[in-house]
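Predicted, not measured: the structure shown is a model, and the values here were computed from it.
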Amino acid sequence: MKKYILLLLLFTYAFGYSCVCSYLPNIFNTYSKSDLVADITIINIHPAKNKSLSKKFYMVDVKYNTIYKGKKVDSFYVSGSKQIGEKYYGEMTSCSLGLKIGDRLIIFHTYGKVQTLHYCTPRIDEKYQEKFLESKKILQSLLHSSIKTNYKNFVVDTKFNSETGKDALNQFDGIKPKNSFALLEITLNKDGTFKNVGYIKKLDSQYDQEILDYFKSSKLLHQDKFKFCEDEKFILPVHYYKQENSNKSFISTVFL
């Protein structure tokens with residue numbers, strides 16, 4: 001099932017949809033350019049304090065469970081419409097975000113003059129529990145790394161074939177790692193080719209060396225669209241997905 005989801009994500013990522021931006025497969029890329037990354041819980045909902053903003057926003061107060069990066073923002077303006085008492089506050093749009101008291105999520109927030117959350121704010125909701133817990137493990141590893149995440153959204157070529165739905169990483173199907181993800185540190189030459197690829201964290205599997213060798217021989221797609229600096233580095237996560245029924249376990253650079 002997850003492989004079918006992966007195909008759908010790749011398709012939608014290629015063509016895009018209005019406001020379907022919170023669940024793109026590169027959400028961890030935003031870590032380095034986000035000002036605040038945190039696991040929060042909504043503890044209160046009320047009308048916007050600024051009356052001029054109450055036509056478009058309602059407000060939430062939050063509790064911080066874990067801060068991975070940045071300084072606390074106690075309250076956020078939320079794009080959307082919310083009934084509070086007998087009155088509606090805010091405005092319903094295609095990018096509205098409906099939050100309720102008790103909601104828990106990991107947010108990747110960029111500070112602004114007004115601290116706002118909307119549908120396109122990168123986030124991971126606790127209701128997707130497996131993904132939520134896995135995200136916390138990955139963020140904990142990123143917390144201790146001095147290397148920037150892939151905030152430029154480089155795409156590493158895995159030779160995806162749209163006709164077969166397979167890529168070069170299928171050679172590792174059936175993998176049995178001890179860890180659920182790996183982190184690779186990729187160092188670039190000035191022309192965007194790979195100077196060095198090494199592990200920050202291994203999957204600890206029978207294929208660790210072969211996986212590393214594959215990425216060493218790989219390249220970036222659409223290199224002409226980027227400007228590079230000599231020895232520029234970025235982190236590439238590799239995710240492991242368990243066997244489901246007759247579908248073998250597999251790895252992917254996409255976070256499902």
Side-chain angles (χ1 to χ4, degrees), residues 1-30 94 119-120 122 124 128 130-131 134-135 138 149-177 179-189 191-199 201-203 205-228 234-256:
M1 175 61 72
K2 284 186 175 177
K3 282 206 170 185
Y4 294 114
I5 295 173
L6 172 59
L7 293 176
L8 180 62
L9 280 170
L10 290 170
F11 182 83
T12 55
Y13 181 62
F15 292 94
Y17 291 96
S18 174
C19 287
V20 184
C21 36
S22 298
Y23 304 102
L24 292 179
N26 61 356
I27 190 166
F28 289 107
N29 294 1
T30 65
S94 61
Y119 192 82
C120 290
I124 302 166
Y128 305 106
E130 185 178 346
K131 185 173 184 177
E134 182 71 1
S135 299
I138 294 171
T149 54
N150 185 14
Y151 67 97
K152 289 186 178 179
N153 295 321
F154 296 135
V155 179
V156 177
D157 186 10
T158 57
K159 297 181 172 60
F160 177 72
N161 187 318
S162 59
E163 294 183 1
T164 65
K166 295 185 177 182
D167 64 19
L169 298 182
N170 282 117
Q171 65 184 295
F172 306 118
D173 285 2
I175 187 172
K176 298 178 180 179
N179 298 319
S180 55
F181 66 92
L183 297 176
L184 293 169
E185 176 186 322
I186 298 180
T187 305
L188 302 175
N189 291 303
D191 61 359
T193 57
F194 291 178
K195 174 180 282 189
N196 187 57
V197 180
Y199 279 115
K201 179 183 177 68
K202 296 181 179 181
L203 282 166
S205 77
Q206 71 272 38
Y207 291 127
D208 280 355
Q209 188 57 51
E210 289 86 347
I211 292 169
L212 182 63
D213 290 342
Y214 172 75
F215 283 104
K216 283 182 176 180
S217 65
S218 190
K219 62 179 181 179
L220 296 179
L221 293 176
H222 312 300
Q223 291 184 19
D224 57 317
K225 295 184 178 181
F226 297 96
K227 291 184 178 181
F228 306 97
F234 69 94
I235 294 174
L236 179 73
V238 178
H239 307 279
Y240 161 70
Y241 298 99
K242 296 178 181 179
Q243 179 174 340
E244 291 185 352
N245 300 320
S246 61
N247 297 314
K248 292 182 178 180
S249 60
F250 67 100
I251 60 171
S252 175
T253 56
V254 177
F255 187 54
L256 301 177

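Here the closest heavy-atom approach between residue Asn29 and residue Thr149 is recorded as O-OG1, 3.1 Å.
Looking at Tyr207 and Leu169, their side chains never come closer than 4.5 Å, going by heavy atoms from C-beta outward. Residues Leu203 and Ile175 form a side-chain contact, since some pair of their non-hydrogen atoms from C-beta on lies under 4.5 Å apart. In this structure, the side chains of Leu220 and Leu188 come closer than 4.5 Å at one or more pairs of heavy atoms. Between Tyr214 and Val197, the closest side-chain pair of non-hydrogen atoms is not below 4.5 Å.
Between the side chain of Tyr241 and the main chain of Leu256, a donor-acceptor pair closer than 3.5 Å is present.
Residues passing the side chain to side chain donor-acceptor pair (under 3.5 Å) test with Ser205 are Asp208, sequence neighbours excluded. Annotation: side chain to side chain donor-acceptor pair (under 3.5 Å) contacts of Asn179 (sequence neighbours excluded): none. Here Phe228 pairs with Phe154 under the ring pair (Phe, Tyr, Trp, His ring centres under 6.0 Å) rule; sequence neighbours left out. By the side chain to side chain donor-acceptor pair (under 3.5 Å) test, Glu185 is found to be paired with Lys233, residues two or more places apart in sequence or in another chain being considered.
Applying the salt bridge (Lys or Arg N to Asp or Glu O under 4.0 Å) test to residues at least two apart or on different chains, the pairs with a partner in residues 150-162 are Lys152-Glu232. The list of side chain to side chain donor-acceptor pair (under 3.5 Å) pairs with a residue in residues 215-228, not counting sequence neighbours, is empty.
The aromatic rings of Phe194 and Phe234 stand perpendicular to each other, their planes meeting at an angle above 60°, with 30° marking the opposite boundary.
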